[in-house]
Amino acid sequence: MKKIIYISCLLLLLMAGNAFANINIIPKPHYLKAGTGQFRFNGATLVAASKELSDEARLLADMFTTVAGYSLEITKKEKSADVIFRYNPTLKDELGDEGYKLNVTSDKIVIEAAGKAGAFYAVQSIKQMLPVEVAGYYPVPDVKMSIPCVEIKDYPRFKWRGYMLDCSRFFPSVDRIKKHLDIMALYKLNTFQWHLIDYQGWRMQVMKYPNLTKIGSQRDQTIIRQRGKVDYEDKTPDNGFYTQEQIKEIVAYAAERHITIIPEIDVPAHSIAAIAAYPELSCTGEPAKVRELKVGGMSNVFCPGKDFTFKFIEDVLTEVFELFPSQVVHIGGDEVKKEGWQKCEHCSKRMKEEHLEDYDELQSYFIKRVEKFANKKGKTIIGWDEILDGGLAPNAMVMSWRGEKGGIKAAKMKHQVVMTPHHDLYLDYVQSKERENEPYVAFANVLPLERVYNYDPVPEQLTDEEKQYIVGAQANMWSNFINTPAHFEYMTYPRLCALAELTWTNQEDKDYSEFQNKLEKQYQRFHEMHVAYRRHDK
Ligand code: ACM
Ligand code: ZN
């Protein structure tokens with residue numbers, strides 16, 4: 001008898017331990033108390049939802065279809081339901097729109113949220129506690145769809161939890177973008193900056209300027225050069241653009257996942273593809289070619305002396321504003337080489353007329369004029385931190401990439417800031433010092449997973465009031481060295497999981513060794529999702 005009691009206790013302990021071991025949620029929830037036992041889903045599980053949260057209930061109900069062969073039935077009666085989605089606006093003060101409460105006992109699951117996003121994130125937490133196959137594409141006979149009993153109270157640290165994808169230098173398909181959005185949603189990331197334009201290709205259809213895609217989206221070949229040496233020259237074209245219908249489809253797909261798409265129309269530099277299509281946009285008006293080489297050679301930029309330049313930008317932005325419902329639009333503003341402006345009579349005339357002292361002020365004039373148009377249309381602009389040079393536009397947000405200095409300056413000026421310092425959050429940087437062991441050429445700077453994880457977007461030197469202007473952080477995936485979709489994934493995952501945790505979880509609750517343990521489960525899930533992730537170094 002003693003032996004039976006001993007074995008039973010051991011089994012119970014193992015079950016509790018096992019339940020705890022199954023909780024590998026990334027990003028780490030604000031409050032989590034593991035219980036004992038499990039809730040088991042099956043074909044008879046009933047779901048009830050307040051009408052405000054019915055989409056999220058449907059999402060959970062359909063999550064089992066592929067893997068287990070059944071979906072959950074939705075009932076109107078909360079009393080008879082096993083899973084309850086309860087809209088509770090009184091939670092707004094405590095948890096905000098994106099927070100949720102999730103209470104799992106062996107016979108009931110209760111989700112409470114003050115907004116749809118919160119309920120959506122509760123579903124993502126459930127998904128991360130279910131067997132990894134639920135994220136996959138195949139049925140699994142006899143799979144046990146259970147999750148451990150747990151109490152979670154959760155909400156994010158920052159409102160901007162971002163990922164940027166450069167679709168100019170390497171052009172990914174609509175399906176590939178959707179796959180990134182799916183993974184972002186799983187990790188509660190909510191902002192996707194779509195870098196649609198650069199020297200190496202214009203990727204957005206603009207009805208008023210057909211040459212942008214007819215000429216600007218066409219590149220005869222790709223040349224990747226590192227430190228003067230050509231590493232890659234493929235002799236095959238990398239052509240393509242997203243039609244406006246495809247853009248609408250992606251925007252809607254993202255919205256269903258509570259992700260806002262921030263389009264980036266990078267001006268006045270990073271614009272040779274546009275100048276190739278409409279040469280009159282540059283100071284000289286000379287013909288130009290979409291760049292094949294993926295680095296350097298960035299001196300050909302838009303002319304701020306010509307009125308046509310601003311007419312063009314306003315026309316393009318008008319179509320952008322129609323396609324993208326986001327409040328914020330990225331207008332670039334980075335790395336403006338000003339040599340061309342110095343030799344240009346249109347630019348000189350503009351400087352005289354506008355009483356501009358130097359070329360930084362001319363750049364500032366450019367951005368301020370674009371901001372004025374955007375504000376008139378009810379939109380807010382964000383730009384890379386060079387938009388501080390020569391004077392910041394009155395209402396602009398700043399994306400701090402050359403380090404934190406720009407972000408600190410902008411926060412002190414009471415402007416909203418997104419931190420993306422390149423040393424900590426640029427995913428094109430190589431992941432290990434042993435670069436010769438890496439399967440792909442990458443940017444020379446080293447950015448291991450741990451460094452991303454440990455990054456804290458709020459600089460110590462800001463006062464508490466100034467700190468409020470840091471609205472979040474973003475990891476940027478530039479494609480100067482990218483040749484395939486798998487390469488994008490290899491550079492992005494799992495470093496994007498670290499970004500998810502640093503933007504959601506409070507700094508003092510982060511724990512890198514615990515995070516590394518949790519990654520083992522994510523790697524299994526990535527395997528199911530066919531994601532070409534890079535296993536991190538220990
Ligand atoms: C940038 O990396 N040029 C923003
Ligand atoms: Zn000019």
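As a basis for the values below, the full set of heavy atoms in this structure was taken, side chains included, without hydrogen atoms, waters or symmetry mates. Note that ligands are numbered from 1 as they come in the structure, with each ligand's atoms numbered from 1 the same way. Every value quoted in this text rests on a predicted model; they were computed, and no experiment measured them.
For the residue pair V320 and P263, the shortest heavy atom distance occurs at CG1-CG, 3.6 Å.
Salt bridge absent: K337 and E335 never bring a charged side-chain N and a carboxylate O closer than 4.0 Å. The residues E292 and R219 are annotated as not salt-bridged, no charged nitrogen and carboxylate oxygen being separated by less than 4.0 angstrom.
Only protein atoms were considered; those of element N, O or S under 2.8 Å from the Zn ion (ligand 2) number 4.
Residue-environment remark: NZ (K412) exceeds the threshold of 12 foreign heavy atoms within 6.0 Å.
Cation-pi geometry between K338 and Y359 is not met: the NZ or CZ atom fails to fall both under 6.0 Å from the ring centre and inside 45° of the normal.
Applying the ring-ring contact (aromatic ring centres under 6.0 Å, His included) test to F321 and every residue at least two apart in sequence or in another chain returns nothing.
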Write out each pair where an N or O from ligand 1 and one from the protein are under 3.5 Å apart, with the distance.
residue  : atom  : partner : partner atom : Å
ligand 1 : 2 (O) : Y426    : OH           : 2.6
ligand 1 : 3 (N) : D334    : OD2          : 2.7
ligand 1 : 3 (N) : E335    : OE1          : 3.0

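Screening residues 441-468 for ring pair (Phe, Tyr, Trp, His ring centres under 6.0 Å), with sequence neighbours left out, gives Y429-F443, Y453-Y512, Y453-F515.
With Q431 contributing its side chain and Y490 its backbone, the two residues share a donor-acceptor pair below 3.5 Å.
Screening D389, V336, I331 for a side-chain contact (heavy atoms from CB on, under 4.5 Å) with I367, the sole residue that qualifies is I331.
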